[in-house]
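Accompanying notes for the structure given below.
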2 protein chains.
Amino acid sequence: MVADGLILGATAGAAEEGTVMSTAHTGVPTSLRQHALPVPVPAGEYEQCPVTELLRRLGDKWTLVTLSLLARRPFRFNELHRAVEGISQRMLTRTLRTLEADGLVEREVFATLPPSVEYRLTPLGVSLLEPLSALAAWAVANPRRVG
Amino acid sequence: MVADGLILGATAGAAEEGTVMSTAHTGVPTSLRQHALPVPVPAGEYEQCPVTELLRRLGDKWTLVTLSLLARRPFRFNELHRAVEGISQRMLTRTLRTLEADGLVEREVFATLPPSVEYRLTPLGVSLLEPLSALAAWAVANPRRVG
DNA sequence: CGGCATCCTAGACGATACTG
DNA sequence: CAGTATCGTCTAGGATGCCG
């Protein structure tokens with residue numbers, strides 16, 4: 001009977017009749033998800049499923065490694081720049097700005113000379129670590145076979 | 001003391017001294033992660049962290065919604081094509097092929113007339129649902145604030 | 001029905017140079 | 001130190017058309 005608002009259907013093993021997986025994606029019936037929107041949206045910008053949206057952000061090239069570092073302790077900009085190894089200044093800035101906009105990271109400026117800026121996880125950012133760990137554990141336990 | 005092979009540091013609240021977060025990303029010390037590889041890799045193709053790799057795949061535009069449908073029951077190709085709403089044939093094929101290559105979905109061909117092809121989750125695919133649910137629950141509980 | 005081949009565009013990303 | 005600006009590249013993804 002497909003109750004509303006359930007997520008990705010319970011535990012993996014227990015597949016009861018009513019397990020809710022298709023409404024899971026947005027918590028909204030499939031048929032309403034993208035097209036049957038109440039208001040036409042500015043072409044190509046209509047809302048995405050929040051879960052996909054989250055995974056898109058975490059799935060870019062540098063977000064996860066940056067988060068994993070900030071999970072240990074606060075970092076200064078160039079300190080991160082060195083720690084991440086391979087990231088460009090441009091992408092580090094962008095990654096941090098996005099994380100900040102999403103409320104996962106906060107940025108504190110110290111008016112020293114030369115100036116210094118510190119980045120740290122917000123409580124929201126910390127709260128993400130737990131569910132993320134479950135997925136990370138799965139990824140490590142089930143490494144992708146090549147070719 | 002940074003034991004090897006630990007993932008994204010335990011529970012969110014408990015931040016003990018030794019919580020392992022920077023080696024978490026690959027299970028390998030940061031300094032060895034990308035550059036100090038034993039063998040030089042064909043420029044621009046060197047290995048990624050398996051966790052980031054997983055999130056990149058799940059984070060594309062159609063993988064998650066496809067998975068969420070297949071989590072309910074097996075689907076035929078055009079049945080999926082209709083259910084996903086907005087996906088092109090090209091991207092549905094690509095998405096399914098990738099999921100198949102990753103061992104998350106299996107494809108069965110029935111030599112009927114006209115031919116029919118059925119897609120279903122593998123046990124590995126099912127096993128992914130559980131950790132994924134945790135993250136999905138977080139995403140829904142913490143919707144991103146706009147601007 | 002279930003694809004594959006082709007062409008095209010928008011955005012992710014890297015490299016480099018410049019600035020308060 | 002901590003960025004911004006500009007440019008070029010590469011790939012995800014959409015549109016369309018053909019095929020067994």
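Note that the structure is a prediction, hence the values are computed from the model and not measured. These values consider heavy atoms only, across backbone and side chains, with no hydrogens, waters or symmetry-generated copies.
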Can you measure B:R97 atom CZ to C:dG3 atom C1' for me and round it to whole angstrom units?
7 Å
At under 4.0 Å, does any side-chain N or O of A:R57 touch on OP1 or OP2 of C:dA12?
no
C:dC1 C1' sits how many Å from B:F110 CZ, rounded?
14 Å
For A:D60 and D:dA12, give me the distance from atom CG to atom P, rounded to whole Å.
14 Å
Just one of B:T122, B:L96, B:V126 clears the side chain to side chain contact (heavy atoms under 4.5 Å, CB included) bar with B:L70, so which one?
B:L96
Can you tell me the distance, in whole Å, between the CG atom of A:N78 and the P atom of D:dT4?
13 Å
For A:P115 and for A:R94, find the nucleotide of DNA chain C with the closest heavy atom, then tell me which residue's nucleotide is more 5'.
A:R94
Cluster overlap B:V109 with B:F77, hydrophobic side-chain contacts below 4.5 Å
yes
From the options A:L64, A:D60, A:L58, A:V65, select the one residue that forms a side chain to side chain contact (heavy atoms under 4.5 Å, CB included) with B:T52.
A:L64
Within the side chain of A:E53, is there an N or O that forms a donor-acceptor pair under 3.5 Å with the backbone of A:P50?
no
Checking only heavy atoms, does the side chain of A:R90 share a donor-acceptor pair with the base of D:dG3 at less than 3.5 Å?
no
Do the side-chain N or O atoms of A:R82 get closer than 4.0 angstrom to the phosphate oxygens (OP1, OP2) of D:dA2?
no
What is the distance from CD of B:E85 to P of D:dG14, rounded to the nearest Å?
14 Å
Would you indicate what A:Y119 reaches in the nucleic acid, counting non-hydrogen atoms under 4.0 angstrom: base, sugar-phosphate, or nothing?
sugar-phosphate
When rounded to whole Å, the CZ to P distance for the pair B:F75 and C:dG2 reads 13 Å
Nearest-neighbour nucleotide for the B:P114 side chain, C:dG3, D:dG3, C:dC1 considered
C:dC1
Once you round it to whole Å, what is the distance between C1' of C:dC8 and CE of B:M91?
15 Å
Any side-chain N or O of B:R76 under 4.0 Å from OP1/OP2 of C:dG2?
yes
Name the closest nucleotide to the B:T93 side chain, picking from D:dG3, D:dG13, C:dG3.
C:dG3
Evaluate A:R76 against A:E118 for salt bridge (charged side-chain N to carboxylate O under 4.0 Å, His left out), listing each step before the verdict.
CA-CA 4 Å; A:R76 293 178 52 183; A:E118 199 170 275; over 6 Å; no
Judged by each residue's nearest nucleotide on DNA chain D, which is more toward the 5′ side, A:L96 or B:G59?
A:L96
Distance, rounded to the nearest Å, where B:F77 contributes CZ and C:dG2 contributes P:
7 Å
